[in-house]
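Encoded as structure tokens, the structure appears first; notes follow it.
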Protein chains: 2
Amino acid sequence: MAHTHDDHHHERPRDLTRNQDLVLSTLNEAHEPLSAYDILDRLREDGLRAPLQVYRALDKLIEQGLAHRLESLNAFVCCADVGCHRARGSAAFAICSGCGRVDEFADDEVNARLAGWAAEHGFALERTTIELRGRCAECRKSQSGSPLR
Amino acid sequence: MAHTHDDHHHERPRDLTRNQDLVLSTLNEAHEPLSAYDILDRLREDGLRAPLQVYRALDKLIEQGLAHRLESLNAFVCCADVGCHRARGSAAFAICSGCGRVDEFADDEVNARLAGWAAEHGFALERTTIELRGRCAECRKSQSGSPLR
DNA sequence: ATCGCTAGCGTTATGTCATAACATATCAGT
DNA sequence: ACTGATATGTTATGACATAACGCTAGCGAT
Ligand SMILES: [Zn+2]
Ligand SMILES: [Zn+2]
Ligand SMILES: [Zn+2]
Ligand SMILES: [Zn+2]
């Protein structure tokens with residue numbers, strides 16, 4: 001969108017609509033990935049009724065790099081490092097099958113190697129998914145159960 | 001037409017069951033990822049009636065490294081490199097949004113870096129998903145449409 | 001042989017995730 | 001106020017995946 005001549009705020013990441021704000025807050029308060037329907041359930045008392053309201057908000061949040069979709073889980077988390085979208089290469093996620101904890105990180109070397117493969121093969125890279133599944137340090141100590149598939 | 005997951009004549013272990021063999025053959029003959037329901041549709045005339053028959057076969061094939069699940073697509077491909085399961089680290093996939101072509105590859109450096117992150121963080125790595133989305137060289141030349149979401 | 005175990009199979013029903021289609025509302029620029 | 005873009009609300013439907021049940025075939029041990 002075109003900015004006016006005296007607009008020095010070239011990034012306005014907090015220009016969120018009501019639904020987007022509700023969804024982002026829900027993700028922020030959760031300590032685990034949430035499915036769109038999980039989010040919906042937590043927002044019924046705020047007036048949300050239909051999945052589409054959640055999915056639309058999620059689309060925008062993801063577009064702005066404020067949230068991420070975990071493909072291997074069909075669930076969503078808020079971004080742990082706002083700015084990862086622009087400042088760093090694509091993010092990777094370590095997902096614990098024990099407690100649901102998700103650690104977001106980025107590895108420049110990994111991103112460089114994948115970009116390299118793409119360049120070599122004439123592949124126009126648009127989006128990268130990197131997801132590690134396993135058990136986090138905490139869960140390895142305590143032999144706790146496995147809530148995640 | 002470019003072939004990727006083409007007619008590799010996989011050495012199929014003789015211990016595949018009828019359903020597993022049907023599903024693997026279907027994946028081998030396809031030149032694109034197939035959803036479980038796509039596979040089911042192609043196997044109706046062979047007597048398959050229910051999704052579960054396909055999912056159960058897929059589970060076994062994936063377990064044996066003969067097929068892979070593409071998380072970002074909710075679809076399946078046959079393994080382009082039998083033995084990737086054992087011989088190499090986890091596989092990566094470049095998925096073309098234009099034609100559906102999938103290239104399977106493995107990058108030792110990428111796998112090493114991800115294993116390194118896991119080791120540093122006490123994360124017991126069980127499974128890794130690496131999926132690149134974009135447009136393949138062929139599709140960049142010809143401005144063809146976008147059948148994949 | 002037949003018992004008991006295991007793996008696979010077939011079927012119905014259900015659960016979970018995601019989008020199509022359409023109507024209405026809100027807001028900024030003119 | 002008019003207009004176009006974006007966001008919203010709602011209903012219905014499509015797409016992906018599993019629960020729960022009982023049956024069958026294969027196989028080694030008794
Ligand atoms: Zn992030
Ligand atoms: Zn954990
Ligand atoms: Zn493979
Ligand atoms: Zn292509």
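Numbers restart at 1 for each chain; the letters A, B, ... are given by sequence-line order, proteins then strands. Since the structure is predicted, the reported quantities are computational estimates derived from the model, not experimental observations. Worth knowing before you read on, the calculation uses all heavy atoms, side chains too, and leaves out hydrogens, waters and symmetry mates.
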Roughly how many Å is it from [atom1] in [X] to [atom2] in [N], rounded to a whole number?
X: D15(B); N: dG26(D); atom1: CG; atom2: P; result: 15 Å
X: D59(B); N: dA17(D); atom1: CG; atom2: C1'; result: 10 Å
X: Q64(A); N: dA7(D); atom1: CD; atom2: C1'; result: 13 Å
X: Y55(A); N: dG14(D); atom1: OH; atom2: P; result: 17 Å
X: L40(A); N: dT8(D); atom1: CG; atom2: C1'; result: 14 Å
X: D38(A); N: dA18(C); atom1: CG; atom2: C1'; result: 14 Å
X: L22(A); N: dT8(D); atom1: CG; atom2: C1'; result: 13 Å
X: L58(A); N: dA7(D); atom1: CG; atom2: C1'; result: 15 Å

Identify every side-chain donor-acceptor pair in residues 48-57 of chain A under 3.5 Å, counting partners at least two apart or on other chains, and give the distances.
| unit_1 | atom_1 | unit_2 | atom_2 | d |
| --- | --- | --- | --- | --- |
| Q53(A) | OE1 | R49(A) | N | 2.8 |
| Q53(A) | OE1 | A50(A) | N | 2.8 |

**Request:** Report the residues that fulfil side chain to side chain contact (heavy atoms under 4.5 Å, CB included) with E109(A), sequence neighbours left out, ordered by chain and then residue number.
**Result:**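 Scan of E109(A) (side chain to side chain contact (heavy atoms under 4.5 Å, CB included), adjacent residues dropped) gives D107(A), R113(A), E109(B), R113(B).
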**Message:** Just to verify, what does S90(B) make a side chain to side chain donor-acceptor pair (under 3.5 Å) with, not counting sequence neighbours?
**Reply:**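 Expected list: N111(B).
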**Request:** Taking side chain to side chain donor-acceptor pair (under 3.5 Å) as the test, write out the residues that go with T26(B), two or more places apart.
**Result:**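 So T26(B) forms no side chain to side chain donor-acceptor pair (under 3.5 Å) with any residue.
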**Request:** Go along nucleotides 9-16 of chain C 5' to 3' and tag each nucleotide: B for a protein heavy atom under 4.0 Å from its base, S when only backbone or sugar atoms are that close, - otherwise.
**Result:** BBBB----
**Message:** Working note: T128(A) + R133(B), criterion side chain to side chain contact (heavy atoms under 4.5 Å, CB included); need CA distance, chi angles, decisive distance, verdict.
**Reply:** CA-CA 6 Å; T128(A) 303; R133(B) 302 295 294 273; over 6 Å; no
**Pairs touching residues 91-121 of chain A that satisfy ring-ring contact (aromatic ring centres under 6.0 Å, His included), sequence neighbours left out** =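 For residues 91-121 of chain A, and leaving out neighbouring residues, the ring-ring contact (aromatic ring centres under 6.0 Å, His included) pairs sorted by first residue read H68(A)-F93(A), F105(A)-W117(B), W117(A)-H121(A), W117(A)-F105(B).
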**Prompt:** Has N74(B) got a side-chain N or O lying under 4.0 Å from the OP1 or OP2 atom of dA17(D)?
**Reply:**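 Checking dA17(D) against N74(B), a side-chain N or O does come within under 4.0 Å of OP1 or OP2.
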